[in-house]
Amino acid sequence: MEFVALKKHIRTDRPRPCYALFGDDDFVISRAISIIGTLASEPKPFNIVDREFSTARELENELLQLPLMGDYRVITARGKVDNAVVEAYLEKPNPSTVLILPYYVPHDSWSHSPSIQYPKGAEPVDCNRLDVKYIYAFVRAVTDKTNSKISDEAIRLLSERCGGYMSRINSEAQKLSFLRADGEITTDDISKEVEADTEFVVFELSDSILARNPARALAIVDGMAKNNDLVAAFTMLYNRFKRIFAAAVNPDGLAALGVKPFQASKFKAESGKFSKSWLKEILDMLAKADYNYKTGAMSQYDALTTFVAYAAGGDR
């Protein structure tokens, strides 16, 4: 189930005994917990429990309690839970208890992100960062409070500069709405007032490499060095070029890498501009740069600038 479908599901369907919330946006996971929590009635301190359980027995005892003056209790079990115990419970669950299992999954990794092993019988809810089309209404709900206006283009830029993370989008939207109360929030305001997320900066860096603009690429690296963002740059660059190379080799295999359809079309378009041998060489050079700084052969800055200078200016 997608997060955007959760509210309607809770409002109109019979709740599942257990929901496994997974994704890379803590704000979205927290919102999902709040939405499911609306099932519980007063007294909330008894009918809503949100904590880490030290033993499986402790969790089992909590799950078997009955609600006080309501239809449901909602239990959020933080930390690691014993899947076998939860699976056994779900074979004959307490009909008045809803269990929530939140799993934060980091977006960026050098290789594949580990798959979530949630208990069988749990309803998975995708709480990854939202597509910008779902963010328009959220941002306008914030800006409406100060009677400020913002265009779709400006919201897209805000989302990009915040890396798509709702917690940052929320705080930055509030800041901008007070700054431009009774006025309009422009793309210039966002470029000036919202510091770009590391992922957005790396996206600009890889764009500069693909555009064969070494001067721009090296300037971006210098800016990242001042903000201590160089480690993240290796991972994010590798992930993007890995997907471009995958699109060149097997365009139909992008889904297996977790690439959404609208992203896949972009990677396919980019892969068509370069030879497979050049794209493979880029990946090999990135791996070598990563190895050089991790083994102390080069500093992070020297390893990245050496790679960028060649990649942005080399033959294809």
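Start at 1 with the first residue, then count along the sequence. Just so it is clear, the model here is predicted, and its values are computed rather than measured.
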Counting N and O atoms only, with roles assigned by atom type, does the side chain of [X] sit under 3.5 Å from a partner on the main chain of [Y], one being a donor and the other an acceptor?
{"X": "Thr146", "Y": "Ser177", "answer": "yes"}
{"X": "Lys44", "Y": "Ala40", "answer": "yes"}
{"X": "Thr97", "Y": "Pro93", "answer": "no"}
{"X": "Asp152", "Y": "Tyr136", "answer": "no"}
{"X": "Thr143", "Y": "Lys149", "answer": "no"}
{"X": "Asn147", "Y": "Ala181", "answer": "no"}

Find out whether [X] and [Y] are in side-chain contact, i.e. whether some heavy atom of one side chain is under 4.5 Å from a heavy atom of the other.
{"X": "Leu179", "Y": "Ile185", "result": "no"}
{"X": "Tyr103", "Y": "Leu101", "result": "yes"}
{"X": "Leu130", "Y": "Val28", "result": "yes"}

Counting only heavy atoms not in [X], do more than 12 sit closer than 6.0 Å to its [atom1] atom?
{"X": "Lys7", "atom1": "NZ", "answer": "no"}
{"X": "Glu184", "atom1": "CD", "answer": "yes"}
{"X": "Phe178", "atom1": "CZ", "answer": "no"}
{"X": "Glu58", "atom1": "CD", "answer": "yes"}

For the [atom1] atom of [X] and the [atom2] atom of [Y], what is their distance to the nearest 0.5 Å?
{"X": "Ser271", "Y": "Lys268", "atom1": "OG", "atom2": "NZ", "answer": "9.0 Å"}
{"X": "Ile35", "Y": "Tyr19", "atom1": "CD1", "atom2": "OH", "answer": "11.0 Å"}
{"X": "Phe27", "Y": "Tyr165", "atom1": "CZ", "atom2": "OH", "answer": "14.5 Å"}
{"X": "Ser41", "Y": "Tyr72", "atom1": "OG", "atom2": "OH", "answer": "11.0 Å"}
{"X": "Leu6", "Y": "Cys127", "atom1": "CG", "atom2": "SG", "answer": "7.5 Å"}
{"X": "Ile75", "Y": "Leu99", "atom1": "CD1", "atom2": "CG", "answer": "8.0 Å"}

Between [Y] and [X], do the side chains contain a donor N or O and an acceptor N or O under 3.5 Å apart?
{"X": "Arg180", "Y": "Ser148", "result": "no"}
{"X": "Asn170", "Y": "Ser167", "result": "no"}
{"X": "Ser191", "Y": "Asp188", "result": "no"}
{"X": "Tyr134", "Y": "Glu2", "result": "no"}
{"X": "Asp252", "Y": "Asn250", "result": "no"}

Sole residue of Arg212, Arg240, Arg216 in salt bridge (Lys or Arg N to Asp or Glu O under 4.0 Å) with Asp207: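 So, applying the salt bridge (Lys or Arg N to Asp or Glu O under 4.0 Å) to Asp207 and each of Arg212, Arg240, Arg216, only Arg240 qualifies.
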Return the minimal non-hydrogen interatomic distance between [X] and [Y], and the atom names on each side.
{"X": "Pro119", "Y": "Asn83", "answer": "CG-OD1, 3.4 Å"}
{"X": "Thr187", "Y": "Ala154", "answer": "CG2-CA, 3.8 Å"}
{"X": "Ala173", "Y": "Val139", "answer": "CB-CG1, 4.3 Å"}
{"X": "Phe53", "Y": "Thr76", "answer": "CE1-O, 4.1 Å"}
{"X": "Asn128", "Y": "Gly23", "answer": "OD1-CA, 3.3 Å"}

Let me check something: do [X] and [Y] share a hydrophobic cluster, defined by ILVMFWY side-chain heavy atoms less than 4.5 Å apart, either directly or through other members?
{"X": "Leu90", "Y": "Val85", "answer": "no"}
{"X": "Leu64", "Y": "Val81", "answer": "yes"}
{"X": "Ile209", "Y": "Phe203", "answer": "no"}
{"X": "Val308", "Y": "Phe274", "answer": "yes"}
{"X": "Leu66", "Y": "Val74", "answer": "no"}

Who passes side-chain hydrogen bond (donor to acceptor under 3.5 Å, both in side chains) against [X], sequence neighbours left out?
{"X": "Asp26", "answer": "none"}
{"X": "Ser96", "answer": "Asn94"}
{"X": "Glu172", "answer": "Arg168, Lys175"}
{"X": "Asp284", "answer": "Lys280"}

Stepwise side-chain hydrogen bond (donor to acceptor under 3.5 Å, both in side chains) test for Tyr118 and Glu87: CA-CA 9 Å; Tyr118 54 81; Glu87 287 172 2; over 6 Å; no
Criterion side-chain contact (heavy atoms from CB on, under 4.5 Å) on Tyr310 and Glu281, from CA distance to verdict: CA-CA 11 Å; Tyr310 175 81; Glu281 187 176 356; 2.9 Å; yes
Connected hydrophobic set around Phe46, excluding itself, where side chains approach under 4.5 Å: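 In the cluster with Phe46 are Leu68, Met69.
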Tyr293-Phe234 aromatic ring centre distance below 6.0 Å: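 Ring centroids of Tyr293 and Phe234 are less than 6.0 Å from each other.
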Audit row: Phe3, Asp25, side-chain contact (heavy atoms from CB on, under 4.5 Å) steps and yes/no: CA-CA 11 Å; Phe3 166 78; Asp25 194 325; over 6 Å; no
Results of salt bridge (charged side-chain N to carboxylate O under 4.0 Å, His left out) for Arg161 - residues two or more places apart only: none
Criterion side-chain contact (heavy atoms from CB on, under 4.5 Å) on Val98 and Arg16, from CA distance to verdict: CA-CA 7 Å; Val98 177; Arg16 308 288 193 266; over 6 Å; no
Residue of the set Thr186, Ile150, Val194 for which side-chain contact (heavy atoms from CB on, under 4.5 Å) holds with Leu176: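 That would be Val194.
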Lys80 and Glu52 ion-paired at < 4.0 Å: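 Salt bridge absent between Lys80 and Glu52.
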Salt-bridge present (Asp82, Arg57; N to O < 4.0 Å): no
Stepwise side-chain contact (heavy atoms from CB on, under 4.5 Å) test for Ile220 and Ser208: CA-CA 9 Å; Ile220 292 172; Ser208 298; 3.7 Å; yes
